[in-house]
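Quick notes on the structure that follows.
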Amino acid sequence: MTLADSITLFSPADLAACLLLVVCWLGIGWRIENATKKHPSVSGLMAEFRHAWMIQMVQRDPRIFDAQLISNLRQGSAFFASASMIAIGGGLALIGNTDQLAGVAQDLSLGSAPAFVWDVKILTVLLLLSNAFLKYVWAHRLFGYCFVLMAAVPNTDEDPRAYPRARQAADLSITAARSFNRAMRSTYFALAAVAWLIGSWALIAATVVTFAVLYRREFASQSRSILQRVPAEITPPEAKAEPETVSPVHTQL
């Protein structure tokens, strides 16, 4: 079977639904990460608070709270990475046994389709889950890098390296969070792609709903309005000036 013959197995509605899925997945990610300053996304607001967190960490002693917080972030990314791996394993097991899916479709009066069509639909879900898994793993590793860099931040604001290193740790934390958020969006659209097993119109509906939910959470949610009540302070305070030493000669004079 050639590629042209394989494409003819899908209806125009299937191709349009698949294209809509990809456009919405990439489009909402670009919109969130490139939001304007006048209308920032929740991810952008949280990035400012991550900078404020690291600035406050410089003078916090002990830093048990910071260590627990970054550890919880790592555990969250590890949990979702494990869940993605389990889902990928289940999808791979289904590819070799699509007869059951075909039987369920016939029972639901959804019509019948060749095994190749079912395999492509399952592969679409697996591709999104694989992308999510890789980004969860990378976020987990970046949070680990951030953990190490936080430990290298001097515990006094009198050290000139304190705030520059705190900004480095914040930038790593933001990069890790960006990777985690991309993985979450990929997971959301993987769940939407499962609707393709029902039909093309189900995929279109699931894609639109997923896009709308993500847009609302980032740009029109109650959490966003709460984050905007008191803006994050991302300007580090000035380092304390060292007291001037008076020479013995001036003292005698």
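Keep in mind the model is a prediction, meaning the values are calculated, not measured. Values reported hereafter were calculated over all heavy atoms of this structure, with side chains retained and with hydrogens, waters and symmetry mates removed.
- Remark: side-chain polar atoms of Ser130 are paired, donor with acceptor, to backbone N or O of Leu126 under 3.5 angstrom.
- For residues 55-82, every residue pair satisfying the salt bridge (charged side-chain N to carboxylate O under 4.0 Å, His left out) rule, not counting sequence neighbours, is listed here: Arg60-Asp66.
- Of all heavy-atom pairs between Leu203 and Ala192, the closest is CD1-O, 3.5 Å.
- The aromatic rings of Phe219 and His39 lie parallel to each other, with less than 30° between the two planes, well short of the 60° mark.
- Defined by atom type and a distance below 3.5 Å, a donor-acceptor pair is missing between the side-chain atoms of Thr156 and Asp159.
- The cationic atom of Lys121 (NZ for Lys, CZ for Arg) lies less than 6.0 Å from the six-membered ring centre of Trp118 and within 45° of the ring axis.
- The backbone N or O of Leu172 sits nowhere less than 3.5 Å from a side-chain atom of Arg50 that would complete a donor-acceptor pair.
- In this structure, Leu20 is not a member of the same hydrophobic cluster as Leu191, with clusters built from ILVMFWY side-chain heavy atoms closer than 4.5 Å.
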Exercise for the section: Carefully, step by step, assess His51 and Asp171 under the rule side-chain contact (heavy atoms from CB on, under 4.5 Å). Expected result: CA-CA 8 Å; His51 274 288; Asp171 290 338; 3.1 Å; yes
Handout entry: Full working for side-chain contact (heavy atoms from CB on, under 4.5 Å) between Leu129 and Ser186
Key = CA-CA 7 Å; Leu129 288 175; Ser186 187; over 6 Å; no
Exercise for the section: Let me see the working for Trp53 and Met150 under side-chain contact (heavy atoms from CB on, under 4.5 Å), right down to the final yes or no. Expected result: CA-CA 11 Å; Trp53 167 26; Met150 287 169 60; 4.1 Å; yes
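- Ion pair Glu218/Arg31 not flagged as a salt bridge, since none of the NZ, NE, NH1 or NH2 atoms sits closer than 4.0 Å to an Asp/Glu carboxylate oxygen.
- A donor-acceptor contact shorter than 3.5 Å is absent between the side chain of Asn131 and the backbone of Leu127.
- The main-chain N or O of Ala152 is found under 3.5 Å from a side-chain atom of Arg165 such that the two form a donor-acceptor pair.
- A 4.5 Å side-chain heavy-atom check between Leu227 and Val42 finds at least one atom pair inside the cut-off.
- The two residues Ser77 and Phe143 come nearest to each other via the heavy atoms OG-CD1, 4.3 Å.
- Ring geometry for Trp138 against Tyr145 counts as perpendicular: the plane angle is over 60°, on a 0 to 90° scale with 30° as the lower cut.
- Between Ser84 and Ala132, the shortest heavy-atom distance links the atoms OG-CB, 4.5 Å.
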Exercise for the section: Kindly determine whether Ile174 and Met46 satisfy side-chain contact (heavy atoms from CB on, under 4.5 Å), including the steps that lead there. Expected result: CA-CA 8 Å; Ile174 292 171; Met46 285 303 301; over 6 Å; no
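- Legend: residues meeting side chain to side chain contact (heavy atoms under 4.5 Å, CB included) with Ala193, ordered by chain and number and at least two apart, are Leu21, Thr124, Val125, Leu128.
- Applying the side chain to side chain contact (heavy atoms under 4.5 Å, CB included) test to Tyr188 and every residue at least two apart in sequence or in another chain returns Met184, Thr210, Leu214, Arg217.
- Looking at Thr187 and Tyr136, their side chains do bring a donor and an acceptor atom within 3.5 Å of each other.
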